[in-house]
Structure formats: C-alpha cells, structure tokens
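All residue numbers in this chain count up from 1 along the given sequence. Please read all numbers here as calculations on a predicted model, not as lab measurements.
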Amino acid sequence: MSEVRVRFAPSPTGYLHIGGVRTALYNYLFAKKNNGKFLLRIEDTDQTRFVEEAENYIHEALKWCGLEPDESPEKGGSFAPYKQSERRNIYDQYITKILTTDYAYVAFDTPEELEKLRADYEAKGKVFSYNHEIRNSLNNSLNLTPEEVKQKIATGTPYVIRFKIPPHRTLALKDIIRGNFTIDTSTLDDKVLVKTDGMPTYHFANIVDDHTMEITHVIRGEEWLPSLALHVLLYEAFGWQAPEFAHLPLILKPEGKGKLSKRDGDKFGFPVFPLAWKDEKEGTSSIGYREEGYLPQAFINMLALLGWSPSDNKEILSLDEMIEEFDLEKVHKSGARFNPEKARWFNHEYILKADTSELLPSFRQLLKEKGIEFDDQKDTRIIGLLKERVNFVKEIWEVGAFFWIAPSVYDEKNYKKTIKEDTQNILSQLSSGLQSIEFTEKELHDYLHEFVERSGLGFGKIMQPLRLALVGELKGPDIPVIMEILGKEESLQRIKNLISKI
C-alpha cells in the first residue's frame, strides 16, 4: 500500500464542535498508526457563510489538543495551497476536463424556473428532483444545441454545471466501518458541481482536492454517508482510483434522540466546543473545554472513546497508547451517547496522574486573578494535597481557600455542634502548649495526640474545635498538615480568633 494520507477538512462557517475534533482525532490516530501523514485542509468555498476568526480557532483548537498536522495552511507542504479559496486555478482545470466527459452538463435554469417546477410538483403531491427523468427537457446543454449553449455563455447568461448521474445502475459501495452496501443510481439527483460564480461546490472541490493531495483514506462524519455514491461516481468520471471511506458514528445527546448540539451544552451546562468563543454577529458566546479547566489529554481521551473501544476496554490511554491500539474496524456503527459526568471523571483521573508542576501554572493564574501572591513551595504542596478531591484545578481553590484566607465566619451548624462550655478553655490550653513546639507535621501530630491523651477528653472534643478554628468548617486534610502549611504564627492567630468569638 502507498503511504497513508488522511485529511481533516473543516469549513470555517462556524466554530469547531467536539464532533469535528473527534473526526480530526480519528484521522490523526489512523495516520500515526500507519506511519502516514495527517493533513489539515480548510474548505472555505462557501464565502456566504464564512465566519471571521473561525479558521484561527481551528488551528488553535488542534494545537491545544496536541493534534499537529503534518501539512496545513500554516505549516505548508508539497500539495499546497491547503485552503480551497486559494485553489481556484486547480479547480478550473478539472471543470474543463469533466465537461469533456459524459458525466457533466451546463444548466441555465433560473431560480424562478426551478421554483415553479417545485410548486407544480408539490401541487400534484410529488417531490421535485432534478434527475435523469426530467433533465433532457429542461434548460440545459442536454436539450440545447452546442451553438445555443455557446451563445448563452457568450452573452453572460448565468449557468451552473451539474453532474450527470448515470441511471439504472446498482452501485457497489464499501465503508470500512459499515461494510458493503449498494445503491440504485436512479434514486440520485444531478447535484450542482460548479455554482454561477464559477466556484466549485463542496462535492466537486472535495474530490479534486482529495485526489490531487493523494488522500488514501477519507475518514469523516456519518452525515456525509448520503454523498458517498456521488463522490464515488465523480472518481469514476475522472477515471481515478477512489480512496477508502469510513463514516464515523454521531455523538448523541446526553438524553433523548438526536446528535449533540450547542443547545444541549447550554441546557445541561457543559461545553460542546474545545475552546471558548464569542459570536459577535449573533451576540452569543459559548464555554470551551480549555476554559472550563479540562486538561487536553483528558479531553482527547474522553473523545477517543466516544465511538471506539480499545481491545481490553481500557479507559485511560495516552495519545501514544491510542495510536498503538487504534483500528478503524473497531469503531462502532451506532451513535455514541455523550456523558458529561464521564467527561468530568476523565479530567479527575488525569489530574490525579499529572505531576503537580504541570498543574501549577493554571493554579497560579487563578491565584493571580484573586490578588494572592504565589508561593511555589506552598502552592505545590497544597495542589498535591487536594488534587484527589477535585475534578478541575480551579476546584482546589473551592475546597482549600482557607489555606490563603483565614475564616472570618464559622459554619453555623458545625459551630453549634462543636462549641461547648469548656471549648474556650481547651483551645487556650492547646494554644499555650503549641507555642513551644516546632511546626512540622510529625511534631504537631505527636503533640496533639499527647494533648488528647493527657486531657482524657477524646479526639472529637479537641480536634473538631481546632479544625473549625483553622478552616471555618469541619473539612479539609489532616490537621497537622494544615498547621504545618499555615505555619505557627497563622495557626495560633486563627485559634485566638475563634476563642475571642466564643
């Protein structure tokens, strides 16, 4: 087999949905598994729906995910340019070529003429389709003389180029994921290949680009499955070898029917985009996985298992392990239901796996936003201490803010449960004894145990008021650890604060 070459070819008509990222991921994994090349191509022929900044968003999202293309508009490559809007001269050559075959024709039908035909069909309870049954009677080169066609073009009459579907054929199609199936070509309509402005449609440009860029495997979403017959016939029209095709299952809503959408994310409060974005035109904005605090490795791992399972059903896999395991034939045919809770679980697992130094930069940014000075040694210790309790780095603040900010109020329920008549006296004695010891975890542990034994009051009677003084609630890591991190001066001050409130 020749070198494997695959492409991810998004349109900058909107921001990149996680379904698109998964398509990019599967292309990347397949390429790397087979020592091939992963290309990024921007399919921007539809300028009417072009969204400014969408292309930059695509590049940034792939970079954050760690899916660097081997060839792209940014990186270049032997098959440049990688933006369809810059490939017009290439398309023009193949437009001329296909018009010399029996697979294409020029159509001059006006929008008004086509609308009238649709209305006439609807009045008879039928569906209008520009196909083999009626094309020879319409305003096109199949029904006009060559001289009439030339004259219309010369006088500037608008026209499109349509594909001439060969009727009454049983077309054999093959999909790596879905197997073999057939389609009756008589059920297909004659799609427009070139628009009135001379720009190719998606179908035509896509085929020309895949062929000229030597794409060996087309791995794309299930929504393109109905276009497979047309694309195979286009390859046939040019006399080219078609690539192999694989159509990926949909990512489904967490509940109910249908594919995952932005509306689902808004409803359930989870991202459906890799990065946050703001649509200035519509005045809307959406959260992103990056900004929500997901680690890129966790995000990619979660996406990989939405539609594919490794051989041993292992759930936590590095990118290298995914590459080694990936097999298109093990991608599921049916849709994969998205589970927001599972996404959070993946992030929790990756936070546990991460070296604390990897989490420090984002936590540092959080402290900066709160106006708190960094202390790398202290902050690293706290992250390591609390990361098993959180799903996101930002939650470390939520469960451990007391390390930086002394409690000014105490949880009412815990206060009533903990503070008794003798609490003030117990805390005063405890504080007095703490003055003379070194504030290391071991020294504090030994002293507190000794104090409890000597007092004969039991752990709860002493340790709960102490925890309340330090934290403001009855939560947090072991008390000796908290006190060591806070230090002697801060710990004693917090005990004094609670004594004064009793």
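A heavy-atom distance below 4.5 Å is found between the side chains of V218 and D210.
Note on residues 105-118: pairs passing salt bridge (Lys or Arg N to Asp or Glu O under 4.0 Å), not counting sequence neighbours, are E115-R118, K116-D120. The list of side chain to side chain donor-acceptor pair (under 3.5 Å) pairs with a residue in residues 301-314, not counting sequence neighbours, reads N301-Y350, S309-H332, S311-E325, K314-E321. Within the structure, ring pair (Phe, Tyr, Trp, His ring centres under 6.0 Å) contacts touching residues 131-153 (residues at least two apart or in different chains) are H132-H168. Residue pairs meeting the salt bridge (Lys or Arg N to Asp or Glu O under 4.0 Å) criterion with at least one partner in residues 328-347, sequence neighbours excluded, are E315-K342, E341-R344. Within the structure, salt bridge (Lys or Arg N to Asp or Glu O under 4.0 Å) contacts touching residues 187-196 (residues at least two apart or in different chains) are R135-D190, D189-K191.
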Where do N143 and N139 land on the side chain to side chain contact (heavy atoms under 4.5 Å, CB included) test, with the steps shown first? CA-CA 7 Å; N143 196 37; N139 189 9; over 6 Å; no
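Between R178 and E222 there is a salt bridge, with a side-chain nitrogen of the basic residue lying less than 4.0 Å from a carboxylate oxygen of the acidic one. Taking a cutoff of 4.0 Å between a charged side-chain nitrogen and a carboxylate oxygen, D70 and K75 do not qualify as a salt bridge.
Partners of F245 by ring-ring contact (aromatic ring centres under 6.0 Å, His included), not counting sequence neighbours: none found. Annotation: salt bridge (charged side-chain N to carboxylate O under 4.0 Å, His left out) contacts of D376 (sequence neighbours excluded): R364. With sequence neighbours excluded, the residues that form a ring-ring contact (aromatic ring centres under 6.0 Å, His included) with Y15 are Y57, W277. For the ring-ring contact (aromatic ring centres under 6.0 Å, His included) test, no residue two or more places apart in sequence or in another chain qualifies with H348. With sequence neighbours left out, the ring-ring contact (aromatic ring centres under 6.0 Å, His included) criterion links Y28 to F38.
Aromatic rings of W240 and Y94 (six-membered ring for Trp) have centroids within the 6.0 Å cut-off, being under it. Between F30 and H217, the gap from one ring centroid to the other is short of 6.0 Å. The six-membered or imidazole ring of F299 lies away from that of F346, with a centre-to-centre distance of 6.0 Å or more.
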List the atom pairs, with distances to 0.1 Å, where a side-chain N or O of residues 247-257 and a protein N or O form a donor-acceptor pair under 3.5 Å, not counting sequence neighbours.
{"residue": "H247", "atom": "ND1", "partner": "D175", "partner atom": "OD2", "Å": "2.6"}
{"residue": "H247", "atom": "NE2", "partner": "R220", "partner atom": "NE", "Å": "3.0"}
{"residue": "H247", "atom": "NE2", "partner": "R220", "partner atom": "NH2", "Å": "3.4"}
{"residue": "K253", "atom": "NZ", "partner": "D264", "partner atom": "OD1", "Å": "3.1"}
{"residue": "K253", "atom": "NZ", "partner": "D264", "partner atom": "OD2", "Å": "3.3"}

With a 3.5 Å cut-off and sequence neighbours excluded, list the donor-acceptor pairs that the side chains of residues 384-393 form with protein atoms.
{"residue": "K387", "atom": "NZ", "partner": "L352", "partner atom": "O", "Å": "3.4"}
{"residue": "K387", "atom": "NZ", "partner": "A354", "partner atom": "O", "Å": "2.6"}

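A side-chain N or O of E236 and one of Y103 form a donor-acceptor pair less than 3.5 Å apart.
For D102, the CG atom sits in a loose shell: 12 or fewer heavy atoms of surrounding residues, nucleotides or ligands are nearer than 6.0 Å. Within a 6.0 Å radius of NZ in K353, no more than 12 heavy atoms belonging to other residues, nucleotides or ligands are found. The number of heavy atoms from other shown groups lying within 6.0 Å of OH (Y159) does not exceed 12.
For the residue pair T185 and L233, the shortest heavy atom distance occurs at CG2-CD1, 4.4 Å.
In this structure, H17 and F273 have perpendicular ring planes: the angle between them is above 60°, well past the 30° mark.
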